[in-house]
2 protein chains.
Amino acid sequence: MTIHDVAAAAGVSISTASKALNNTGRMGAETRERVKRIAGEIGFRPNALARGLLSKRSFTIGLLTNDTYGRFTLPVMAGISEALVDHGVSVFLCAIEDDPALGQVHVEAMLDKQVDGIIASGKRLDRRLPVDLSSLPVPVVYAFTEGTENSVTLRSDDAQGARLAVEWLAQLGRRRIAHITGPEDFFSVRERSSAYREVAGDFEPVLYGIWAESWGHEAVGSIWGRPGEKPDAIFCGNDQIARGVVDALRERGIRVPEDVSVVGFDNWEIVAAQTRPPLTSIDMGLKELGREAGLTVLALAEGRPIEPGVRKLPCRLVVRQSCGGMSPTE
Amino acid sequence: MTIHDVAAAAGVSISTASKALNNTGRMGAETRERVKRIAGEIGFRPNALARGLLSKRSFTIGLLTNDTYGRFTLPVMAGISEALVDHGVSVFLCAIEDDPALGQVHVEAMLDKQVDGIIASGKRLDRRLPVDLSSLPVPVVYAFTEGTENSVTLRSDDAQGARLAVEWLAQLGRRRIAHITGPEDFFSVRERSSAYREVAGDFEPVLYGIWAESWGHEAVGSIWGRPGEKPDAIFCGNDQIARGVVDALRERGIRVPEDVSVVGFDNWEIVAAQTRPPLTSIDMGLKELGREAGLTVLALAEGRPIEPGVRKLPCRLVVRQSCGGMSPTE
DNA sequence: CTGAAAGCGCTTACAG
DNA sequence: CTGAAAGCGCTTACAG
């Protein structure tokens, strides 16, 4: 089924058929309708390859990611796809681990296929993908990974997210708020911990460790193991740590949230919802970030002007039960 | 940079350039080499759109999935991508939730883009995707979702996986093996539980429930709450249930694996590795399944004959610490 | 051994 | 108001 078939069936030339279907050119309204009707009847669908050859637009973009685990990329991906499907744009998925050679292969495959743009996504704000995207013939948007000079980069506003968490604890009457978090060499850890310090003061030095339940456990052990006043709230660097913290507190007979409020970060459903009690957490809005990234490459691909630089997207507090209190929005 | 530029720079016609680059036709070896060298120098890369228009092959396939969560699809996806990237095939990701209209939109977008084939993937062996793929003009392979009559379907061998688990427990000397699992209306639950019964006998009726830690907890409560001999091993329907079971046992002062061995299913790293002790679990080999699915659509797309029907891929036992014992392969 | 020509399926000036 | 022609970037019979 090609446009030839449509033209033949409608008794017009292929140029007329084309113009009828694209609502361009000038012709009798009745001719246009007839062509359209017949195209519908015989199930004509234009070949995107042929169309792309002419228009220099493939209605295709590539998503490059090194987050094989999918924890961060998955929501970003969902957002991108959701935003673009309405515009007829499809997404190539390119998982490159941390392999530069594999990255190169995927980038070349994408360019061969004439993608209209590329979104680079990662699992860390302060790391680059292992492939150079700085001088490609197509626009590139960085989402949740470090971009190059003068690029467009989208990231979550971790400082604002941390403030949200700590202010929520303060608002619930908590005054002795501790902070147990991940490795200090993570940019987001530093962002979150300085925001924490601004709001909470320095009741307790920040406890840096690793992104694991076991570290949450261990940190609770060390806080409760030494003398002195105990926290009445703990702001955790991610949900896994928070889960370890909650479990450790329960094992010590400390009630959450009655005695101690706990708030996590990431709002990772599988962890946050299965914790007893379920975790109040900060959501980085990765799906929204993906949506924005999608619309941004699209704009760039269409030649619309986009201000380069880093754009921070706001985080959101998701209230469950580990802090007490009720969602301010409910 | 088009083939015209290559031809001009090499001083040959575009047909000769094309043949030189594709190693077809006949020409002086030296001409061929010169064309190739020049193409390399000016960085020529053939336009896949133009090529696809002629060859009727886009070197593109579509992955349709309703597993937004990504738990099952993610490894399948990784396998597909890994298998196909070497063949120059790129993958369109189409997340359709359970929305038939969205599914339709994605299928049409893929067909417009002339995909060489489609892989349909899901989160349940006994459910169909909400879109009819039975009479498409391109080959379809079903992976971890129910296929249509006479289609090619790839799935894990859940019965074999369950046997693996129970035999492992038996081999460790466990004789009173219980089975706590998910909802009975899941095909995979029935597969696993009948395999369990075959091997373990009926020491204890199978406990059906939901796929959650809380159910693992509760089930342990009910087994240990009533009189009679207690199990010395528990085979769980998935890792979340297993984690609930392990936590509940620990809270009762029952040692894992000394008193009771526990084995999970899915080998979901984030759950299995964070459990204390880490879970021995059954891996469904979803990445391998993805790889197979990729190679299978590819074969179909190239017209190679593939036997229709359901192909079951073997599961694998991953030994951690929740059963005791050491991996048979180590 | 090499090149001119036709064609993949479509769109878009340009004539009429 | 409608159609013939050229062309997007490539490949492939077919002549020479």
Geometric cation-pi criterion A:R124 and A:F186, 6.0 Å radius, 45° cone: yes
May I ask you to test the A:K113-A:S58 pair for a side-chain heavy-atom distance under 4.5 Å? no
Its dot-bracket string being built from Watson-Crick and G-U pairs below 3.5 Å, with | for another strand and [ ] for crossing, DNA chain D has the pattern |||.||||||||.|||
For B:D283 and B:G285, indicate whether the former's side chain and the latter's backbone hold a donor-acceptor pair under 3.5 Å. yes
Side-chain donor-acceptor pair under 3.5 Å between B:S18 and B:S15, yes or no? no
Please test A:E146 against A:R127 for salt bridge (Lys or Arg N to Asp or Glu O under 4.0 Å), starting from the C-alpha separation and ending with a verdict. CA-CA 5 Å; A:E146 180 153 358; A:R127 286 286 184 273; over 6 Å; no
Contact list please: residues 26-34 of chain A against DNA chain C, heavy atoms, distance less than 4.0 Å, in numerical order. none
Would you tell me whether B:N22 and B:T24 have side-chain atoms, one donor and one acceptor, within less than 3.5 Å of each other? no
A:D67 versus A:T65, side-chain donor and acceptor atoms under 3.5 Å: no
Please confirm whether the backbone N or O of B:M77 pairs with a side-chain atom of B:S81, one donor and one acceptor, at under 3.5 Å? no
How does protein reach along nucleotides 8-16 of chain D, written 5' to 3' as B (base within reach of a heavy atom under 4.0 Å), S (only sugar-phosphate), or - (no contact)? BBBBBB---
Side-chain heavy atoms of A:I3 within contact of A:P46, under 4.5 Å: no
Integer angstrom distance from the P of C:dC1 to that of D:dC10: 26 Å
So B:E302 and B:R57, salt bridge (Lys or Arg N to Asp or Glu O under 4.0 Å) or not? Walk me through it. CA-CA 9 Å; B:E302 291 171 350; B:R57 291 253 351 240; 3.7 Å; yes
